[in-house]
Colleague: 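Okay, here's the structure, questions in a sec.
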Amino acid sequence: MASTAGVVVIGGGVVGCSVLYHLAKFGCTDALLLERDELTSGSTWHAAGGMHTINGDPNVAKLQKYTIDLYQEIEKLSGQSTGLHLTGGVMLAATEARFAWLKSLAAKGRYLGIEADIITPERAHELMPLLDPACFVGALHTWVDGHLDPSGTTHAYAQAARKLGARIERFTRVQELVQNPDRSWRVITNKGEILTEHVVNAGGLWAREVGGMVGRYHPVLAMEHMYLLTEDLPEVAAINARTGEEVLHALDFDGELYLRQERGGMLIGTYEKAGKPWSEDHTPWDFGHELLAPDLERIMPSLEVAFRHFPVFQKAGIKKVVNGPFTFAPDGNPLVGPVRGLPGYWCACGVMAGFSQGGGVGLALANWIIHGDPGFDVWAMDVARFGDWASKAYTNAKVRENYSRRFSIRFPNEELRAGRPLKTTPVYDRLKAQGAQFGAVAGLEVPLWYAPPGVTDTFSWNRSTDFDTIGEEVRAVRERVGLIETSGFAKYSVTGKGAAAWLDRLLTCRLPSPGRMTLAPMLKEDGRLIGDFTLANLGAEEFLLIGSGVAEDYHLRWFEQHLPGDESVRIAPHGAALAGLAIAGPRSRELLARVTREDVSAETFRFMDVRRMSIGMAPSVLVGRVSYTGDLGYELWCDATYQVHLLDTLMSAGEPLGIRLFGSRALNSLRLEKGYGSWAREYRPLYSPLEAGLDRFVALGKEASFIGKEGAAGEKASGGKLRLRVFVVEVDDADAIGDEPIWRDGAVSGWVTSGGFAHGSKLSVALGYVPKEVADEPDGWRIQILGRFFPARLQPQPLFDADGARLHG
Ligand SMILES: Cc1cc2nc3c(=O)[nH]c(=O)nc-3n(C[C@H](O)[C@H](O)[C@H](O)COP(=O)(O)OP(=O)(O)OC[C@H]3O[C@@H](n4cnc5c(N)ncnc54)[C@H](O)[C@@H]3O)c2cc1C
C-alpha cells in the first residue's frame with residue numbers, strides 16, 4: 001500500500017465512491033479510498049435504490065437532479081451498468097393540505113428546470129394503475145424519478161474513478177487519525193500508515209466512530225428501515241405488456257409509503273411513525289453484509305394504508321422483507337464540508353438518500369477540497385449548521401422525530417417539538433408566562449409571538465391563529481414601543497492589536513470609528529456573499545460583530561480559517577452568555593432615557609452610535625442605536641446574569657408608554673415592510689452584494705484590499721445578473737413565504753426569498769430576485785403561491801419610513 005496520498009477518503013459506500021470519482025474528475029488523481037471490507041459494506045448494499053429529483057429545499061433538489069443526470073456519465077466512463085430505470089413517478093396527495101404542498105413543489109420545479117405536472121387522481125390512475133383513485137385528491141407527475149442497482153452504481157463510481165487515476169484499497173480499516181503539527185494527517189490502518197493533506201469521513205454507518213478518531217461527535221444516528229418485495233403479480237405483468245414500460249414509481253405521503261416495480265413484483269417501503277434507532281451508541285466494526293430481523297408489526301399501520309390505497313397488495317404474497325440501518329442527521333439532510341477547528345478533515349456523512357444525493361455531495365466536496373469553494377449553495381447540507389449543542393441525546397430525539405415525519409407536511413408556522421427546550425436564556429420563564437410561543441434557533445429557544453390565553457398556533461399554509469396578535473405586536477412597535485429578546489443572534493468579540501487590520505481585510509465596509517457601528521457584508525473570493533454583520537467599534541482594539549445565530553459555526557469556521565498565524569487577533573463567540581434585548585418604536589428613546597442617567601438625546605446618541613451604559617442597576621450594558629425593525633430603536637447587550645433585571649427594568653419603565661413584547665414573527669413583518677434582507681434568505685453565497693442591494697457597504701475605494709474585492713469590482717463593472725426587489729402582492733388568505741416563482745410575460749422570471757404580511761402597511765409583501773433587465777418594471781408581475789397566481793407590483797421605496805426620518809431622527 002502507498003504511504004502517501006493527496007486525499008484519503010474513508011469509506012467505500014456510494015458516497016465515498018462519488019467523492020473519489022469527483023476528486024479524480026477534477027484532476028486530483030492522487031486520491032486514495034480506504035474501505036474496511038468490500039465496497040458497499042455499509043448501508044449501500046441493501047438500499048432500495050430509489051431516486052427522486054423533487055425536494056422541498058430547492059438547493060437540495062438541484063443537487064438531486066445533478067446526481068441523477070450523472071449516472072449516464074459514470075456508466076459510459078466505467079463500462080459498468082448502474083441498472084438505471086428512469087420510470088418517472090407520481091407523488092400522491094390524499095388530503096387538500098398535501099395537495100397544496102405538491103402544487104407549491106410543482107411551481108418551484110419551474111424555476112429549477114425540473115419538469116413536473118399537477119394531475120388528477122384519475123390521470124394518476126392511468127399512469128399507475130395499481131392505485132385506487134378514490135383515495136387521493138390529486139398528484140404530481142414527475143419525469144426524472146426511478147431506481148437503480150445500488151451495488152452497480154457504487155462500482156460504476158469506483159471504476160470511473162480508477163480509470164481517472166484514483167486508487168482504492170479494500171479490506172483496509174482506518175483505526176486512528178493523528179494530525180501532525182504541520183496540519184498533515186497520519187492515517188493509521190491495519191495495513192500500515194498513510195500521510196495525507198486531507199481526510200474525508202465518508203464512513204456512513206461508522207461516521208460517528210471515524211469522528212471519534214479526531215475527537216468529534218458528528219450528529220448522526222442510524223435508524224432501522226424496512227421494505228418488502230412481493231411475489232410476481234399478474235397486474236404488474238399486465239401493465240408491462242400493455243404499456244411496454246415498467247410500473248411508475250409512487251410516493252404516497254399520507255400512507256408514508258414508497259413503491260416501485262422490482263422484477264415481476266413490487267417493492268414497497270415505509271417510513272413508519274414508530275421508527276427504531278439502531279446501535280445508538282456504537283456501530284460494531286464486525287457488522288457487514290447482514291440484515292436486521294424484520295418486524296412487520298411495526299410497519300403494519302402503514303401496510304394497512306397500502307392495502308387500501310393499492311388494493312393489489314391485499315392478495316400479494318411477500319417474497320422477502322429487508323430491514324437495514326442507515327444514518328440521518330437531526331434535520332435529515334447530509335453533513336458535508338470542512339469541520340471547524342480541524343484543518344484538512346472533511347465530512348461527507350449522514351447522507352440518507354445516497355442515490356438521489358450522493359453525486360451532488362461528491363461534487364460539492366471535491367470542489368471544496370480542490371478549489372476552496374463548494375461551487376454552489378450548500379447551506380442546507382453544510383456540516384457547520386450544527387454546533388456542539390447537537391449532542392448525542394439531542395440527535396437521538398431529533399432523528400427519531402425526523403424519521404417519523406419523513407413524509408409528513410411541515411407547515412410554515414409549525415415548530416417541531418423533539419429535543420426542546422435545549423438552550424434557554426434567563427428571561428425564558430418570564431416570557432413564557434406572558435404567552436411566548438417559542439421556536440428553536442440553533443438549539444436556543446426564541447420567542448416567535450405572544451399568544452393570548454387559550455390561543456396557540458394552528459398549523460396552516462394560510463394565515464393562522466397568530467395573525468391578529470402579530471398585527472397588534474407590530475402596531476405596538478410602530479405606534480408606541482415594543483421589546484424583543486434578541487439573544488439568538490450570534491455575537492463575536494474581535495480583539496487584539498491586529499483586530500482592525502484583520503477586519504478590514506475580511507469585511508467589505510470601511511471600519512467604523514470608536515463608538516460607531518456599520519453594516520458589514522463579508523465576501524468569498526469570488527465576490528459573492530458569505531456573511532452580513534453589524535460591526536461595532538468599542539475602542540481600545542475591541543470590536544463586536546453581530547450576525548445570524550444559525551450561522552455561528554459556519555462563520556466561525558471562516559473566521560478561524562482566515563486568522564493570522566500569530567496571536568495578534570483573537571475571536572471569541574459569546575453565544576447566549578451575552579444576552580440581548582431590543583426596544584423599538586417612536587417612544588423607545590423616551591423609554592431608554594427613563595432607565596439610564598446617560599444623555600441619549602437624538603443629538604448626543606445618534607443613529608449607529610454604540611456606548612456602554614448602566615441600565616437600571618445593571619452596569620456596562622452595551623447599547624447600540626440600531627434596529628432591524630427599520631424604526632427608531634436600540635439593541636441592548638448584557639452579561640446574561642443581568643438579563644432578567646434588564647427586562648424587568650425596561651418593562652416597568654415602559655408600562656406608562658404602552659410597551660408590548662413582540663416576537664420574531666412581528667420582527668419579520670416589520671423588516672419586510674422596510675425591505676431589509678436576512679441571512680440564508682436574501683443573503684446567501686448565490687448572490688453578489690450588488691445583486692442583493694448591499695453594494696453601498698462595499699468600499700471598493702478603501703485602502704485595505706479585502707477578500708472578494710476583485711470579484712465585487714468585476715460584478716460592479718458587469719452589473720451582475722439579478723436584482724433583489726420588493727413586491728406588493730394582491731393575495732387573499734396566504735402570503736408568500738419563500739421559494740415561490742415570480743412570473744413575467746408568461747414565463748418564470750425569478751423567485752421569492754421571503755415574504756409575509758406587513759401589518760403596519762396592511763399589505764402582503766414578497767422579497768425576491770429577478771433578472772436585472774426587467775428589475776425596474778413597475779407592473780406585469782405575478783407570484784405563484786400554493787399553485788395560484790396573484791398579481792404583484794414593484795415597491796421601489798420602503799413601505800415604511802421611506803425618507804428614514806424615524807430611523808435617523
Ligand atoms: C433498507 C434501506 C433502503 C434504502 N433505500 C434507499 C433508496 O431507495 N434510495 C436512496 O437513495 N437511499 C436508500 N437508502 C439509504 C442509502 O443506503 C444510504 O443513503 C447510502 O447507502 C449511504 O451511503 P454511504 O456511502 O454514506 O454509507 P455506507 O453505505 O454506510 O458506507 C460507508 C462505508 O465506509 C466503510 N467504513 C466505515 N468506517 C471505515 C473505516 N474506519 N475504515 C475503512 N472503511 C470504513 C464501511 O465499511 C462502508 O462500506 C436505503 C437504506 C436502507 C438501509
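Counting convention: from 1, in listed order, for ligands and their atoms alike. Note that the structure is a prediction, hence the values are computed from the model and not measured.
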Colleague: Could you tell me if the ring centre of F326 sits under 6.0 Å from that of H46?
Modeller: no

Colleague: Can you confirm whether more than 12 heavy atoms, excluding those of N240, are under 6.0 Å from its CG atom?
Modeller: yes

Colleague: Would you say G50 and ligand 1 have an N/O pair spaced under 3.5 Å apart?
Modeller: yes

Colleague: What protein heavy atom sits nearest atom 36 (N) of ligand 1, and how far off is it?
Modeller: G11 CA, 4.0 Å

Colleague: Quick one: does G49 get an N or O within less than 3.5 Å of an N or O on ligand 1?
Modeller: yes

Colleague: Between A47 and ligand 1, does any nitrogen or oxygen pair lie at a separation below 3.5 Å?
Modeller: no

Colleague: Starting from atom 27 (O) of ligand 1, which protein heavy atom do you reach first, and at what distance in Å?
Modeller: G204 CA, 3.2 Å

Colleague: For A202, take its heavy atoms, then give the atoms of ligand 1 lying under 4.0 Å from any of them.
Modeller: 32 (C), 34 (O)

Colleague: Specify the protein heavy atom at minimum distance from atom 28 (P) of ligand 1: its residue, its atom name, and the distance to 0.1 Å.
Modeller: S43 N, 3.5 Å

Colleague: List ligand 1 atoms under 4.0 Å from M352, heavy atoms only on the residue side.
Modeller: 12 (N), 15 (C), 19 (O)

Colleague: With heavy-atom distances below 4.0 Å as the criterion, list the atoms of ligand 1 near S356.
Modeller: 11 (O)

Colleague: Quick one about H249 and D145 (side-chain donor to acceptor, distance below 3.5 Å, no hydrogens or angles considered), yes or no?
Modeller: no

Colleague: Indicate, as side chain, backbone, both or neither, the part of A348 found under 4.0 angstrom from ligand 1 when only non-hydrogen atoms are considered.
Modeller: neither

Colleague: Taking distance alone, with no angle check, do G354 and ligand 1 share an N/O pair under 3.5 Å?
Modeller: yes

Colleague: Just by distance, with hydrogens left out, do T153 and T82 show a side-chain donor and acceptor under 3.5 Å apart?
Modeller: no

Colleague: State if T172 counts as touching ligand 1 under the rule of any non-hydrogen atom under 4.0 Å.
Modeller: yes

Colleague: What is the closest protein heavy atom to atom 2 (C) of ligand 1, and at what distance does it sit?
Modeller: H225 CD2, 3.7 Å

Colleague: Do any N/O atoms on M213 end up under 3.5 angstrom from N/O atoms on ligand 1?
Modeller: no

Colleague: Check this for me - ligand 1, W285, N or O atoms closer than 3.5 angstrom, yes or no?
Modeller: no

Colleague: Is P150 touching ligand 1 with its side chain, its backbone, both, or neither, if touching means heavy atoms under 4.0 Å apart?
Modeller: neither

Colleague: For ligand 1, which atoms, with element, lie under 4.0 Å from some heavy atom of G324?
Modeller: 53 (C)

Colleague: Give the atom numbers and elements of ligand 1 that come within less than 4.0 Å of a heavy atom of L34.
Modeller: 43 (C), 44 (N)

Colleague: Under a 4.0 Å threshold between the charged nitrogen and the carboxylate oxygen, would R173 count as salt-bridged to D37?
Modeller: no

Colleague: If we only count N/O pairs under 3.5 Å, is E35 in contact with ligand 1?
Modeller: yes

Colleague: Identify whether NZ of Lys or CZ of Arg in R36 sits under 6.0 Å from the centre of the six-membered ring of W285 and within 45° of that ring's axis.
Modeller: no

Colleague: Any salt bridge linking K319 with E231? Criterion: basic side-chain nitrogen under 4.0 Å from a carboxylate oxygen.
Modeller: no

Colleague: Less than 4.0 Å is my threshold; does some heavy atom of W45 fall inside it relative to ligand 1?
Modeller: no

Colleague: Could you check which of A353, A48, S41 puts a non-hydrogen atom nearest to atom 5 (N) of ligand 1?
Modeller: A48

Colleague: Counting non-hydrogen protein atoms only, what is the nearest one to atom 42 (N) of ligand 1? Give residue, atom name and distance.
Modeller: V174 N, 3.0 Å

Colleague: When you measure from the heavy atoms of D37 to every atom of ligand 1, does any distance fall below 4.0 Å?
Modeller: no

Colleague: Among residues at least two apart in sequence or on other chains, which ones pass side-chain contact (heavy atoms from CB on, under 4.5 Å) with E246?
Modeller: H85, T87, H147, Q261

Colleague: Looking only at N/O atoms, are T44 and ligand 1 under 3.5 Å apart anywhere?
Modeller: yes

Colleague: For the 3.5 Å polar cut-off, considering only N or O atoms, please tell me whether I10 and ligand 1 meet it.
Modeller: no

Colleague: Is it the case that atom CD in E297 sees more than 12 heavy atoms from other parts of the structure closer than 6.0 Å?
Modeller: no

Colleague: Looking at G203, which atoms of ligand 1 are within less than 4.0 Å of one of its heavy atoms?
Modeller: 32 (C), 34 (O), 37 (C)

Colleague: Can you confirm whether more than 12 heavy atoms, excluding those of R410, are under 6.0 Å from its CZ atom?
Modeller: yes

Colleague: Please tell me whether E280 and N396 have a donor and an acceptor in their side chains that are separated by less than 3.5 angstrom.
Modeller: yes

Colleague: Identify whether the distance between the nearest side-chain nitrogen and carboxylate oxygen of E169 and R167 falls below 4.0 Å.
Modeller: no

Colleague: Should F407 and Y271 be marked as a ring-ring contact (aromatic ring centres under 6.0 Å, His included) after you check the CA-CA gap, both sets of side-chain angles, and the distance that decides it?
Modeller: CA-CA 7 Å; F407 283 169; Y271 285 86; 5.3 Å; yes

Colleague: State, without any angle test, whether Q357 and Q64 hold a side-chain donor-acceptor pair at a distance under 3.5 Å.
Modeller: yes

Colleague: Would you call K392 and D281 a salt bridge, using N to O less than 4.0 angstrom?
Modeller: yes

Colleague: With atoms numbered from 1 as shown, which atoms in ligand 1 lie under 4.0 angstrom from a non-hydrogen atom of L205?
Modeller: 30 (O)

Colleague: Which of the numbered atoms in ligand 1 are below 4.0 angstrom from a heavy atom of F355?
Modeller: 10 (C), 11 (O), 12 (N)

Colleague: Can you check whether W206 has an N/O within less than 3.5 Å of an N/O in ligand 1?
Modeller: no

Colleague: Go through the structure and list residues passing salt bridge (charged side-chain N to carboxylate O under 4.0 Å, His left out) with R98, not counting sequence neighbours.
Modeller: none

